[in-house]
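None of these values were measured; they are calculated from a predicted model. Proteins come first, then strands; the chains are lettered A, B, ... in the order of their sequence lines, and each starts at number 1.
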Amino acid sequence: MHVSRPDLVPDAGLSREEMEALQREIAAAAVFEDDFAFDPRAVAASSSGLEEGTQTTLADSAAGSSSASSGDPTDAEPPVVVGVDQSFLTNDDGDQDRALSAVVATRGGEVIERAYAVTDLEIPYIPGLLSFREGKPILAALEGLSVDPDLLLFDGSGRIHFRQAGIATHMGVVLDAPSIGVAKSLLCGTPTEEADNLPEGTRVPIESNSRVDAPDGTLLGYAVQTRQYDSPNRYINPLYVSPGHRVGPETAADIVLECATSYKLPEPVRLADNYAGEAKRELQD
DNA sequence: GCGACAG
DNA sequence: ATCTTGTCGC
């Protein structure tokens, strides 16, 4: 991949105030609406047809893309979707001193390439400043890919962030690549209604509140239920999906639902999660 | 001062 | 994020 905004690359040496100022710049440069060429409905489409298609019908694909066409750039060829996740390495004293970022590139539900990179940790985890701690290894791992990603899926927030510049937004803007944030817990913002125990496949809007640098009521993302139990006494928490860059909130939620197979996490992120753990063991054990 | 707080 | 076996429920 290519860094489009070297001036916005996360620098762990900045002061907290400078980091926050940089995030406001990133939020101003971010595009929280669809701005990409691929067909979002073709993300999970596999040549071997393994997805649990909920919206694509035979009629749709027949009308829009099936046979070898004359090279329409917006034709439904599966885009390259890359999942990104981190794990941490410990030194001889037992302290976390390095971050390992794993990236897994998929196309039509198939893994086409993987890569990972390790860099020294420079700062501790601080809510709201995650990209300054994990950004370096992420960019390094993405540089290691030979394929050019069409979409990046991150483990963390995008627009659902105090200054609307979560890790998915930060990386997306720096690379000028479409990106989506997939968090397992809510950093800030408020669900417009009860978001616990939602039916599978549904979503609830997450709007900005006083803790967010945006007018109250701004749509930041969605609580998305990719999987849910049948039983009445137990339930799965939703994922908090938000735009990173060049993807609108609805499309972000649509894509995450499309990428979910039999697990809660969208496949690219789940695969990156596994690879991060696998590479970690391989390096520590 | 108190509460909230991605990974 | 990470330390980790058993265990509840279908």
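- Consecutive Watson-Crick or G-U pairing (both distances under 3.5 Å) never extends over three or more pairs in DNA chain C.
- The pair A/Glu267-A/Arg270 meets the salt-bridge criterion, with a side-chain N (NZ, NE, NH1 or NH2) lying under 4.0 Å from an Asp/Glu carboxylate O.
- Not one N or O on the side chain of A/Arg24 forms a donor-acceptor pair closer than 3.5 Å with the backbone of A/Arg163.
- Atom CG of A/Asp285 has more than 12 neighbouring heavy atoms from other residues, nucleotides or ligands inside a 6.0 Å radius.
- Nearest-nucleotide positions on DNA chain C place A/Asp273 closer to the 5' end than the other of A/Asp273 and A/Asn233.
- At the heavy-atom level, A/Ser87 lies under 4.0 Å from the strands shown only through sugar-phosphate atoms.
- One hydrophobic cluster holds both A/Val84 and A/Phe132 under the rule that ILVMFWY side chains link at heavy-atom gaps under 4.5 Å.
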Pick out the pairs of N or O atoms, protein on one side and nucleotides 4-7 of chain B on the other, that lie under 3.5 Å.
residue : atom : partner  : partner atom : Å
B/dA6   : OP2  : A/Tyr125 : OH           : 2.7
B/dA6   : N7   : A/Gly128 : N            : 3.1
B/dA6   : N6   : A/Gly128 : O            : 3.1
B/dA6   : N6   : A/Leu129 : N            : 3.3
B/dA6   : N6   : A/Leu130 : N            : 3.0
B/dA6   : N1   : A/Ile167 : N            : 3.2
B/dA6   : N3   : A/Ser157 : N            : 3.1
B/dG7   : OP1  : A/Lys184 : N            : 2.7
B/dG7   : OP2  : A/Ser185 : OG           : 3.1
B/dG7   : O3'  : A/Asp155 : OD2          : 2.7

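- A/Tyr125 and A/Glu134 share no side-chain donor-acceptor pair at under 3.5 Å.
- In this structure the side chain of A/Pro266 reaches within 4.5 angstrom of the side chain of A/Val182, judged on heavy atoms.
- In the hydrophobic clustering of ILVMFWY residues, with side-chain heavy atoms under 4.5 Å counting as a link, A/Ile167 and A/Leu22 come out together.
- A/Gln86 and A/Ser101 form a side-chain donor-acceptor contact under 3.5 Å, judged by distance and modelled atom types alone.
- The closest side-chain donor-acceptor pair between A/Ser208 and A/Asp216, if any, does not fall under 3.5 angstrom.
- Of the two residues contacting DNA chain C, namely A/Arg234 and A/Gly277, the nearest-nucleotide position lying further toward the 5' end is that of A/Gly277.
- The 12-atom threshold is exceeded at NZ of A/Lys280, counting heavy atoms of other residues, nucleotides or ligands nearer than 6.0 Å.
- Once you apply a 4.0 Å limit to the heavy atoms of chain A, the touched nucleotides of DNA chain C run 5' to 3' over C/dA1 to C/dC10.
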